[in-house]
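Reviewing the structure listed below.
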2 protein chains.
Amino acid sequence: MSDRLQLDLANYLPYLVNRLGGALVADMIANTLAPFDLTIDMWRLLAVLSYRGAQRQVDLVDMSSIEASTVSRLVTRLARMGLVTRKRSETSSREVVIELTAKGRAQVERIIPAALKLEQTASTGIPAKDMAVVKRSLRRMFENMTGR
Amino acid sequence: MSDRLQLDLANYLPYLVNRLGGALVADMIANTLAPFDLTIDMWRLLAVLSYRGAQRQVDLVDMSSIEASTVSRLVTRLARMGLVTRKRSETSSREVVIELTAKGRAQVERIIPAALKLEQTASTGIPAKDMAVVKRSLRRMFENMTGR
DNA sequence: TCGCAATTGTTGTCAATGCAATTGTTGTGG
DNA sequence: CCACAACAATTGCATTGACAACAATTGCGA
């Protein structure tokens with residue numbers, strides 16, 4: 001009777017996005033992070049800290065999309081590894097400020113080339129003009145989903 | 001001395017992809033899956049089964065990017081919920097074939113409209129031509145990372 | 001200013017995940 | 001045709017991660 005309701009996965013945006021995301025993560029872990037004894041979430045925190053400088057934990061949560069209690073425990077581990085410091089904010093004693101140590105910065109700078117190479121590998125065969133469209137659209141869609 | 005090695009997160013593909021993926025998943029869970037008592041991975045399996053029909057578990061692993069032992073256990077739960085059946089393959093008794101039940105198909109058809117609406121929401125303000133570029137590029141990048 | 005709600009971070013708990021080992025089956029080279 | 005490698009699925013076990021409850025601090029409205 002009625003047409004069957006169908007979901008064309010091969011053309012369904014959330015499927016395409018998360019499938020690629022998973023492949024990128026798997027590659028990053030296997031080829032780069034494992035030797036450094038870093039998990040993907042640790043790397044995300046370090047990358048955010050490198051990119052934006054010292055941050056409160058709540059801002060790390062926001063920028064990394066990692067859940068708050070997980071961030072709290074990851075920061076503890078990163079501090080124990082000597083890659084970050086955690087100290088109370090001067091302006092508000094309920095806040096905590098996380099900052100890369102010299103060792104942490106060195107670690108990030110050792111990883112960045114591999115991270116860039118990963119992006120290159122993924123981008124093979126895609127015109128620069130198309131990649132610009134992709135990145136702009138990914139940012140816009142994120143805004144659409146979160147209201148920034 | 002040397003320029004500092006930097007990673008521009010706001011323009012870094014893996015970051016943009018996984019950040020959007022997380023936002024899409026969070027929305028899907030909160031607004032659609034939770035009321036059905038489904039996890040995101042359960043939904044992925046159901047969607048693949050709906051899209052491609054009965055599948056061996058190993059093929060579900062391949063198409064869903066979910067780890068094999070997790071698929072095994074999720075299928076057990078889905079079967080217990082009456083959404084799929086699991087039976088030994090006729091051609092090879094080490095294989096198992098998973099198939100949607102009528103109840104499972106009905107469930108998927110109730111979810112699909114919300115899934116399409118999610119895609120619409122994310123796509124707001126993005127020209128159809130750009131979206132075509134995005135989807136084509138996402139598929140190509142996945143191929144680049146996995147060799148298909 | 002006082003009280004209460006919101007913010008920030010931590011901890012307890014338990015289900016879920018991933019990895020490795022295991023079982024059972026199929027395919028294949030010698 | 002036999003031994004052994006490859007494949008498919010499951011299970012054990014340790015780790016992870018999410019959610020909720022909590023503690024501490026700050027901010028705000030009446």
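Predicted, not measured: the structure shown is a model, and the values here were computed from it. Sequence lines set the chain letters: A, B, ... in the order given, protein chains first and strands last, and positions in each chain run from 1. Computed from heavy atoms alone, side chains included, the values below leave out hydrogens, waters and symmetry copies.
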Letter by letter from the 5' end, nucleotides 21-27 of chain C scores (B base, S sugar-phosphate only, - none; protein heavy atoms under 4.0 Å) ---BBS-
Protein-to-nucleotide contact annotation, 5' to 3' order, nucleotides 12-18 of chain D [B base; S sugar-phosphate only; - none; under 4.0 Å, heavy atom]: B---SSB
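Map B:V96 and B:I29 each onto its nearest nucleotide of DNA chain D; the residue landing nearer the 5' end is B:V96.
A salt bridge links B:D130 with A:R136: the distance from a Lys NZ or Arg NE/NH1/NH2 to an Asp or Glu carboxylate oxygen falls below 4.0 Å. Using a 4.0 Å cut-off between charged side-chain N and carboxylate O, A:K135 and A:E119 make a salt bridge.
The distance between atom CD1 of B:I40 and atom C1' of C:dA16, rounded to the nearest whole Å, is 15 Å. Residue B:R86 contributes atom CZ, which lies 16 Å from atom P of D:dA8 at whole-angstrom precision. Regarding A:L33, its CG atom lies at a distance of 16 Å from the P atom of C:dG18, rounded to whole Å.
Among all heavy-atom pairs drawn from B:G22 and A:N18, the shortest one is N-OD1, 4.3 Å.
In this structure, A:S72 contributes its side chain and A:A68 its backbone to no donor-acceptor pair below 3.5 Å. Judged purely by atom type and a 3.5 angstrom limit, A:T39 uses its side chain to pair as donor or acceptor with the backbone of A:M42. Judged by distance alone, the side chain of B:S50 and the main-chain N or O of B:L46 form no donor-acceptor pair under 3.5 Å.
A donor-acceptor contact under 3.5 angstrom links the side chains of B:R110 and B:Q107, judged on distance only. At a cut-off of 3.5 Å, with distance as the only test, a side-chain donor of A:R86 or A:T76 sits close to an acceptor on the other residue.
Interface residues of residues 50-59 of chain A facing DNA chain C, ordered by number: A:R56, A:Q57, A:V58; criterion, heavy-atom separation under 4.0 Å.
A side chain to side chain donor-acceptor pair (under 3.5 Å) with B:E95 is found for exactly one of B:Q57, B:K87, B:R56, namely B:R56.
In this structure, CG on B:L13 lies 6.5 Å from CG on A:L20, to the nearest 0.5 angstrom.
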